[in-house]
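Remarks on the structure that follows.
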Amino acid sequence: MTRHAAVAVACTGLTYAFGDTNAVDGLDLTVHEGEVFGLLGPNGAGKTTAIRCMTTLLPVPTGMVRVFGHDAADDRMAVRRLLGYVPQQLSADASLTGRENVALFARVFDVPRRERAARVGQALAAVGLTDAADRLVGTYSGGMVRRLELAQALVSAPRLLILDEPTIGLDPIARTGVWEHIGAVRAATGMTVLVTTHYMDEADQYCDRVGLMHHGRIRALGTPAELSEGLGARRRAEGAAGTASPPTLEDVFRDIAGSGLDESSGDFRDVRSTRRTARRVG
Ligand SMILES: Nc1ncnc2c1ncn2[C@@H]1O[C@H](COP(=O)(O)OP(=O)(O)OP(=O)(O)O)[C@@H](O)[C@H]1O
């Protein structure tokens with residue numbers, strides 16, 4: 001990413017309420033073209049709601065969301081054409097083959113008919129599913145399903161890929177596989193990636209910058225190293241005990257979310273979304 005990279009996503013004062021609850025509460029966020037940006041936060045921080053506004057699946061009642069300069073409220077189709085979205089929920093059909101699933105997305109996203117077969121093949125190859133492409137998805141492992149969903153989102157060659165907890169419920173090897181394929185596609189295309197994750201180690205390793213979200217807005221923003229160093233410097237200045245080892249991103253996260261982290265990390269929600277993914281494996 002260069003200093004003058006274009007802005008892929010700009011949110012200004014984005015607010016979205018469910019009843020009396022402001023799920024997103026004055027969110028200001030800029031994602032630069034070409035970066036991998038991690039949106040982190042405890043359960044209920046507002047990450048999914050914010051992402052759904054960016055993808056135009058929810059309206060933008062207050063504030064502004066722009067995707068490559070297009071207003072998500074006024075120009076929804078232009079925004080949709082620019083992005084690929086992998087939601088938390090299962091988006092692949094177990095009764096179809098991998099290739100049929102990706103072909104369906106190619107049709108929905110108006111990939112020209114003449115190019116479709118080639119583009120479907122390329123998307124499957126990009127996520128390492130060429131050999132399994134003609135098997136029913138019901139026989140795939142959880143990691144393969146996630147990679148297939150990635151292929152579905154990639155078939156339209158999006159400039160911006162948005163992934164909502166792409167690795168939740170996967171084993172460490174499958175998690176690494178998903179990230180490696182995201183990294184390879186990004187390196188090949190220069191695509192911008194916006195991802196939410198609960199896994200601090202993944203954010204640390206794979207994201208260029210992260211934003212820590214809590215109670216609907218960004219509370220800390222920077223590269224993982226900047227955030228860790230910032231907390232370390234503050235602790236040293238305060239003469240805090242236990243400053244021998246540098247803080248991890250998880251320490252930064254706990255510092256921001258504080259006790260709210262424990263309060264809000266609804267076990268039921270966690271279990272439910274983990275199971276949602278795990279169910280794909282069975
Ligand atoms: N459809 C809905 N109806 C009512 N409240 C909702 C709805 N969806 C989300 N909320 C509430 O909005 C707040 C933000 O939820 P959201 O799912 O955006 O958070 P999140 O950071 O994505 O959490 P998670 O990490 O668990 O996915 C929470 O208080 C949640 O209970």
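Quick caveat, the model's predicted, so the values are computed rather than measured. All ligand and atom numbering here is 1-based and tracks the order in the structure.
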Pull out every atom of ligand 1 sitting under 4.0 Å from any heavy atom of [X], numbered as shown with elements.
X      : value
Thr49  : 15 (O), 16 (P), 18 (O)
Asn43  : 23 (O), 24 (P), 25 (O), 26 (O)
Ala45  : 19 (O), 20 (P), 21 (O)
Glu165 : 24 (P), 25 (O), 27 (O)

Q: Give a yes or no on whether Ile218 and Ile256 share a hydrophobic cluster (residues Ile, Leu, Val, Met, Phe, Trp, Tyr; joining criterion: side-chain heavy atoms under 4.5 Å apart).
A: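 Different clusters: Ile218 never reaches Ile256 through Ile, Leu, Val, Met, Phe, Trp or Tyr contacts under 4.5 Å.
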Q. Which is closest to atom 19 (O) of ligand 1 in terms of heavy atoms, Ala17, Gly46, Gly19?
A.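 Nearest heavy atom to atom 19 (O) of ligand 1 lies in Gly46.
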Q.
Minimum distance, heavy atoms only, to atom 27 (O) of ligand 1: which one of His214, Met213, Gln88, Lys47 is it?
A.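 It is Gln88 that holds the nearest heavy atom.
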**Q.** Pairing of Asp255 and Arg235 as salt bridge, 4.0 angstrom limit
**A.**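 Result for this pair is no, no salt bridge flagged.
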Q: Taking only Lys NZ, Arg NE, NH1 and NH2, and the carboxylate oxygens of Asp or Glu, determine whether Arg159 and Glu33 approach each other closer than 4.0 Å.
A: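 Salt bridge: yes.
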Q. So is Ala23 polar-close to ligand 1, meaning N/O to N/O under 3.5 Å?
A.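 N/O-N/O distance below 3.5 Å does not exist for this pair.
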Q: Identify the two heavy atoms, one from Leu161 and one from Ala153, that lie closest to each other, and give their separation to 0.1 Å.
A: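 The pair with the smallest heavy-atom distance is CD1-CB, 3.7 Å.
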Q) Does Ala10 offer a backbone N or O that forms a donor-acceptor pair with the side chain of Thr30 under 3.5 Å? A)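 Between the backbone of Ala10 and the side chain of Thr30 there is no qualifying donor-acceptor contact (under 3.5 Å).
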Q) Strictly under 4.0 Å, does any heavy atom of Pro42 approach an atom of ligand 1? A)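 Yes.
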Q. Among the heavy atoms of His198, does any lie under 4.0 Å from an atom of ligand 1?
A.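 Contact present.
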Q. Pairs in or reaching into residues 85-114: which pass salt bridge (charged side-chain N to carboxylate O under 4.0 Å, His left out), with residues at least two apart or in two chains?
A.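 Listed once each, the pairs are Arg99-Asp134.
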Q) Which pairs count as ring pair (Phe, Tyr, Trp, His ring centres under 6.0 Å) when at least one residue sits in residues 35-66, sequence neighbours excluded? A)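 Non-adjacent pairs meeting ring pair (Phe, Tyr, Trp, His ring centres under 6.0 Å): zero.
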